[in-house]
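Quick note: numbers below take in every heavy atom, side chains included, and nothing from hydrogens, waters or symmetry partners. Here is the naming used below: chain letters follow the sequence lines, and residue numbers restart at 1 for every chain.
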Amino acid sequence: MIMQANTSQEIGRVIGTERKPSTAYTFQFWARPRERIGIGSIVRVEAVVDDAQVTVYGIVVEAFAFNDLESPLHEFLSMGGDATITPPTMREDIRMFQAAVLRREPEEPVGAVPIGRVYLASEDDVQKALRTNEFRQQFGIACGCYGGKDNPVPVHLHRDFLLGSEAGHLNITGTSGLAAKTSYILFLLKSIFTHSKTTPGAPTVATLLFNTKGGDLLYLDKEPEHVISPDQVEIYHRCGIEPTPFENVEYYAPYKHVANGELNTVRFGAEVEEGNPTRPFAFGLQDIMDNFEVLVGREDLDAKAAGFLGYLKDKYVLAQGKLPGSGGERQAKTLGELTDIIKAELRQADNGEGKGVQHPLTMRKVLNRLTNLQHRYSGLISHDGKTLGPLSKRFEPGSVVVVDVSQLHSDAKDLVFSAFISQIQDLMEDRKLGVDRLIVVVDELNKYAPSGGGETYVLSALKDISARGRYMGLTLFGAQQFRSRVDKEVVGNSASHAFGHIEAEELAQPGYSYFTPAVKEKLATLPTGEVLIKHPHFAQPIFVRFPIPPCLRGSDGLRKYPRAADRSLRELVAERARQMRGNPNEIADLLSKMAEDNDMANLLRELHRAPVDADAVAIIRQYGKVSVAPRKEPRAVLDDDVDPFA
Amino acid sequence: MYQLGAYRGEEAVRYAPEDVAAEDPPLVEPGEMRAIPVQGAGGTGFTHFMDGAQKSVAVADQLGFPIYLAHTSAAIVERVGRGMVAPGPDWRMEKLALYMPGFVEGRAAIAQAFDVVAITCDPEAPIEKVRNDVVKRISEDRNDQEKELLQRFDHGVLLTDGNLTNAKRQDGSYKFVVGVVKSHATQHFRSRERALKVLGLRAGERTPAFKPKVSKNQADVYSFYLRLQARPDKSSLYGLVRVELPPETEYLNRADEIAGWLLHERMPTSLPDPRHDKLLYPIHWIEEYLRALQPTDGRIAQLLG
């Protein structure tokens, strides 16, 4: 697609025949074969109708070419059946295009597109056709560039229709592994942050991303190793974005094991973590109670078990409750304490002392599930019952929070995701997000919000966010490989949509019938760095190009910062302490004096929990004096009984 | 009188009951009348092509005398590379006018809206005679356009549809122009033996060049028959054309070469045109081009109000 800056090049004429007339929203035109137009090109039609100038902007959605043959047989006969022959004269052929109307001037009356001259759209034409000239200055968020490499024209989305509150949310579809979804989201986030920073009156923005696989999102603040070509730099500049890594990025990861202070992430090491170490996150007892359905599986949580859990939460987690018999008052702060309480309740029920709150079998079932959680979700559940992680504080404007769950198994990922979504929903309701707009990026909506599946807690939360979030400062950027298999409500509530490369099988689904065959075929072969954007301000979807992210790619990061051999707890403690404030020699001396059997795991946790600018020496000294006694692991229950649910 | 080749409305070929070789035109290439296999059909030297077109509609009559609205046009089209290039205004002529007997001009209201070509006719003549005069004038106008373009042509090698009468300059010279005559209204060889030689040509064969007998209005040329296509299920005139060359030795010496060019021009064929056996594609291209210039029936109705 070649485009002139502010001048237009005449390329063809509108054709309206009786069999294929122009309509109010589509028209056809021919163009000279040498004109470089194709699917997605924007054109302008000029005509005079009843002495009045009419201008129509359209986008090419289908292309045709034919020559003067009536039958393929004629061509065969022409060549005498010999395909190697080159006739002295080429058959005359014609290039025709079908265009969908983007805009017309004047707006009324909405009549058929007149038979007029067709011009390739200039930069001004593109702005007018997409109506971005009306809002670009104040509300425009660049989403990529239209046009060829010679003269890319920035295309803007309306801020209030992308982030709320007029409309909101973005849904992106693309084949996994083809640098469509994540790359585009990162580019769009850079654009949003730039807009928020440079535009007076723009809302403050932060984002929360989940790194679900590899190291895609673990090096957002690192300089890239790949070369950003001049063409791509030009796109950044035309969009008003500096091609620099993200600033103010925080990384969070769970522990490997409850007894181990090492973080379960591939992002570690002094070099990569210098000045910005990975922080731990863990769920407290209340998080577990809130997300128990995810932890044990919905089908495993019947009404009686749910009722018993509610009883426990109200009586012993949120408040201090009296144990049955002469047990006194207890409040559970850790999972272990809660299981002890359940055992006490169970003993009373087994002994027939008074009326139990639930049947003993139900109580045993809940006890069994809770006890197994500590092992099943090792590293995710806080040893002291306190919640650790990004949601324990408000988001800072301009901050990027990455939660690394790439090393977790599928169930654990579900727990993390479910817990975060529900907590964010709570923050949203309480207006405690800390920024005007929080963008939550959720990949794999096929898994978390599938169509036709049961109503899970996560799906319910996503639906709620997609329906009401835009009013409350929460914007969902959802991504998936198969849009047709995502809950219609979640997709439908997204005002803006992006489509990267999509497999032909997916494009055959009814949800894509909106696109012409040519647009579908282009989507099926879309190169990296190009997406189709659908936005409320655009009458038709438009193809835009976007550049490669300006930060270290995951694969490059994993290669550059390889995972070291397993280290001892002492080595981990030393490394973490060196990242913090304090004299390195003094830290080394203190650590050398600590006994081997000292609780290094707990010390490591304390160091992780402290801010990175805290004094590591002070923490180690204090810890040496008041060493936290190893927590008593919950005893396996029913070890001398038969577990009816095993 | 024998009759051969009458097939699906094509012209009948006739020859005398006895060989009348003396009435046949003289051969200008050495040797007897024979079929000459054309050599070297692997390329072409034609750079330009010419044709004319006309469309006429009887739009009214005045006291029974016809009035025609006619569009006449002609064009010389250059082939660049393998592509035909639409001609600029210097190489394209067209005219839209009302053609009517001169004696009705002042009485036809429709004449106000168009250019009028008033034809001198005898008002006492039969209506059919007047009609023929009017139609003839339309053809003459088209012929004049072709002639003007041919006279302008000054470089390259031109292939024109039809004879070379219009190609002759006032000083009697010719540019490099070759004519292809598709119709066989005039049977040049009347003798049985020679007529059968012509009709018996196989695809890719030609006759020796001969000098046709011409009327006083026609230019002297050299000519030969050439079979472009042949099919056993078609008539003996299928794919048979008569080629005209300027009557100069230079062209005569190149007759075989020029025949080879024409054979090379057989591809692509001008299908689906029913004359595709004889109508070379570049000429077909110009026909289509000129047809696009002609007003459509709807446009004519609009013009006539």
List in chain and number order the residues that pass side-chain hydrogen bond (donor to acceptor under 3.5 Å, both in side chains) with B/Gln54, two or more places apart in sequence or in another chain; answer none if no residue qualifies.
B/Ser139, B/Arg142
Is a side-chain donor or acceptor of A/Arg91 paired with a backbone partner of B/Thr269 at a separation under 3.5 angstrom?
yes
Checking A/His501 now: which residues fulfil side-chain hydrogen bond (donor to acceptor under 3.5 Å, both in side chains) with it, not counting sequence neighbours?
A/Thr175
Select one option (side chain, backbone, both, neither) describing which atoms of A/Leu73 are under 4.5 Å from chain B's heavy atoms.
neither
B/His276 and A/Leu77: CA distance, side-chain angles, deciding distance, side-chain contact (heavy atoms from CB on, under 4.5 Å) verdict:
CA-CA 11 Å; B/His276 64 88; A/Leu77 295 173; over 6 Å; no
If I take atom CZ from residue B/Arg79 and atom OG1 from residue A/Thr89, how far apart are they, to the nearest 0.5 angstrom?
3.5 Å
If the condition is side-chain hydrogen bond (donor to acceptor under 3.5 Å, both in side chains), which residues does A/Arg34 pass it with, not counting sequence neighbours?
none
Quick one: of A/Met79, A/Glu70, A/His74, who has the most non-hydrogen atom pairs under 4.5 Å with chain B?
A/His74
Counting neighbours of OH on A/Tyr512 that are heavy atoms of other residues, nucleotides or ligands and sit closer than 6.0 Å, is the number greater than 12?
yes
Value rounded to 0.5 Å, distance of CE in B/Met267 from CD in A/Glu75:
10.5 Å
Determine whether more than 12 heavy atoms belonging to other residues, nucleotides or ligands lie under 6.0 Å from atom CZ of A/Phe64.
yes
For chain A, which residues from residues 280-300 of chain B have at least one heavy atom closer than 4.5 Å to it?
B/Tyr281, B/Pro282, B/His284, B/Trp285
